[in-house]
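Read through the structure below, which is laid out as structure tokens, and then see the notes.
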Amino acid sequence: MASLAETTFAFTHLPHPAPTPADVRARVLAAPGFGSHFSDHMIMIDWNEGRGWHNATIGPRGPIALDPAAAVLHYAQEIFEGLKAYHQADGGVALFRPEANAARFNHSAQRLAMPELPEDMFVAAVRELVRADRDWLPSGEGSSLYLRPFMIATEAFLGVRPAKQYKFLVIASPAGNYFKSGAPAVSIWVSQYTRAAPGGTGEAKCGGNYAASLVPQGEAIARGHDQVVFLDAAEHKWIEELGGMNLY
């Protein structure tokens, strides 16, 4: 676990005009579910070909202005990560191996022809958001504050090439159990669809990989299962991975 130690990376703090009232937040935290509610703030850092990473801010969570020709909408240059902050017995808050998420984020960036984010900047951004929205961390057993760092291509153009402008953002969501049933085990369905293929983008954490998994996941749920398991693309007989978690 990594503590929320102070960092030297500087963020501009933008005032929040209307943070969530404490009583409303308390009702959300009593039964947060997963991915349905969001904390008050977000991190945003810009990148362009001339300046690199700049303009790091933390401010109110809100809509992102995008040109209709933004590259992310047409050529799917976008990646993301997922990690959690947890309450500790001593009253503190800790992150689980954020450096590993930072390294995987850059691996995905390489595969999608996107700029790498310095790992210390990634970790500093996550820590800064947890500090700002610590009150959004639920206290129930198995609960956490789910953190979603992501990067999108924002340059407006039509043409097949890497974009020259990007935004890195971090948002947070209070989380309870991922599975609504709360069962200690899950039921899985073996899919005939392929999740990843040699030479493809399966090893990158990009949204397109998840979009392609929605149909097989829907088939699993329709048959009464919680999750789908994918076989290898070459021979279609070796267990490869699960849709929403690691498989051991």
Side-chain angles (χ1 to χ4, degrees), residues 9-18 35-83 101-119 121-122 124-126 128-129 132 146-173 193-197 199-218 243:
F9 193 77
F11 289 85
T12 298
H13 286 246
L14 305 177
H16 199 306
S36 300
H37 304 281
F38 299 92
S39 66
D40 287 315
H41 296 88
M42 69 180 185
I43 298 284
M44 186 180 298
I45 311 176
D46 294 318
W47 186 95
N48 63 38
E49 197 172 53
R51 296 182 62 185
W53 292 106
H54 63 283
N55 194 31
T57 62
I58 178 168
R61 178 185 173 274
I64 306 168
L66 280 179
D67 190 286
V72 64
L73 303 176
H74 301 271
Y75 306 109
Q77 272 192 294
E78 61 85 27
I79 58 174
F80 66 95
E81 272 296 322
L83 65 160
N101 290 94
R104 186 171 65 173
F105 190 78
N106 281 337
H107 182 79
S108 297
Q110 293 171 11
R111 183 63 183 87
L112 273 291
M114 302 173 76
E116 293 184 41
L117 183 77
E119 292 184 14
M121 188 182 297
F122 178 102
V126 169
E128 192 74 17
L129 184 59
Y146 182 81
L147 302 159
R148 171 51 60 85
F150 63 102
M151 189 200 315
I152 59 173
T154 56
E155 183 190 2
F157 76 98
L158 297 178
V160 184
R161 63 162 173 81
K164 298 179 180 179
Q165 296 175 0
Y166 299 85
K167 284 186 182 293
F168 169 78
L169 300 98
V170 190
I171 57 176
S173 174
Y193 284 89
T194 297
R195 173 67 172 79
T201 60
E203 65 185 63
K205 201 166 178 64
C206 59
N209 292 336
Y210 289 78
S213 73
L214 297 180
V215 167
Q217 176 64 34

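- Of the charged side-chain nitrogens involved, none lies within less than 4.0 Å of a carboxylate oxygen, so that Glu81 and Arg148 do not count as a salt-bridged pair.
- A search for side-chain hydrogen bond (donor to acceptor under 3.5 Å, both in side chains) contacts involving Glu155 returns Arg161, not counting sequence neighbours.
- The CZ atom of Phe157 sits 10.0 Å away from the CD atom of Gln165 when rounded to the nearest 0.5 Å.
- Summarising the geometry, atom CG belonging to Leu117 is positioned 6.0 Å from atom CE belonging to Met151; distances are rounded to the nearest 0.5 Å.
- Heavy-atom minimum distance, Phe80 versus Gly207: CE2-N, 3.9 Å.
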| field | Test log, rule side-chain contact (heavy atoms from CB on, under 4.5 Å), inputs Arg195 and Tyr210 | value | CA-CA 9 Å; Arg195 173 67 172 79; Tyr210 289 78; 4.1 Å; yes
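- Considering all non-hydrogen atoms of both residues, Gly82 and Pro149 come closest at N-CD, 4.4 Å.
- For the pair Ser108 (side chain) and Ile79 (backbone), a donor-acceptor distance under 3.5 Å is absent.
- The ring of Phe122 has its center closer than 6.0 angstrom to the ring center of Phe105.
- Put simply, the side chain of Glu78 never gets that close to the backbone of Phe150: no donor and acceptor are under 3.5 Å apart.
- Between Met121 and Ile45, some side-chain heavy-atom pair lies under the 4.5 Å cut-off.
- Contact of the Glu119 side chain with the Asn106 side chain is registered, since non-hydrogen atoms from C-beta on lie closer than 4.5 Å.
- Of all the heavy atoms in Ala109 and Pro115, the pair that sits closest is CB-O, 3.8 Å.
- Across every non-hydrogen atom of Pro15 and Pro60, the tightest pair is O-CG, 3.4 Å.
- In this structure, His16 and His41 have perpendicular ring planes: the angle between them is above 60°, well past the 30° mark.
- Expressed to the nearest 0.5 Å, how far CZ of Phe38 lies from OG of Ser173 amounts to 5.0 Å.
- In this structure, the side chains of Thr154 and Leu66 come closer than 4.5 Å at one or more pairs of heavy atoms.
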| query | Would Glu116 and His107 satisfy side chain to side chain donor-acceptor pair (under 3.5 Å), going step by step from the backbone distance to the final call? | reply | CA-CA 8 Å; Glu116 293 184 41; His107 182 79; over 6 Å; no
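- Contact annotation: the side chain of Tyr166 never approaches that of Glu49 to less than 4.5 Å [non-hydrogen atoms, C-beta and beyond].
- Distance CD1/Ile58 to OG1/Thr12: 11.0 Å, rounded to 0.5 Å.
- Between Ile43 and Ala125 the shortest heavy-atom distance is CG1-O, 3.5 Å.
- Applying the salt bridge (charged side-chain N to carboxylate O under 4.0 Å, His left out) definition to pairs two or more places apart or across chains, none involves residues 199-218.
- Applying the side-chain hydrogen bond (donor to acceptor under 3.5 Å, both in side chains) definition to pairs two or more places apart or across chains, those involving residues 51-75 are Asp46-Asn55.
- In this structure, Gln77 and Val72 have side chains that are not in contact, with every pair of non-hydrogen atoms separated by 4.5 Å or more.
- The minimum heavy-atom distance linking Ala204 with Asn209 is given by the pair O-ND2, 2.8 Å.
- Using a 4.5 Å heavy-atom threshold, the side chains of Pro162 and Met114 count as separate.
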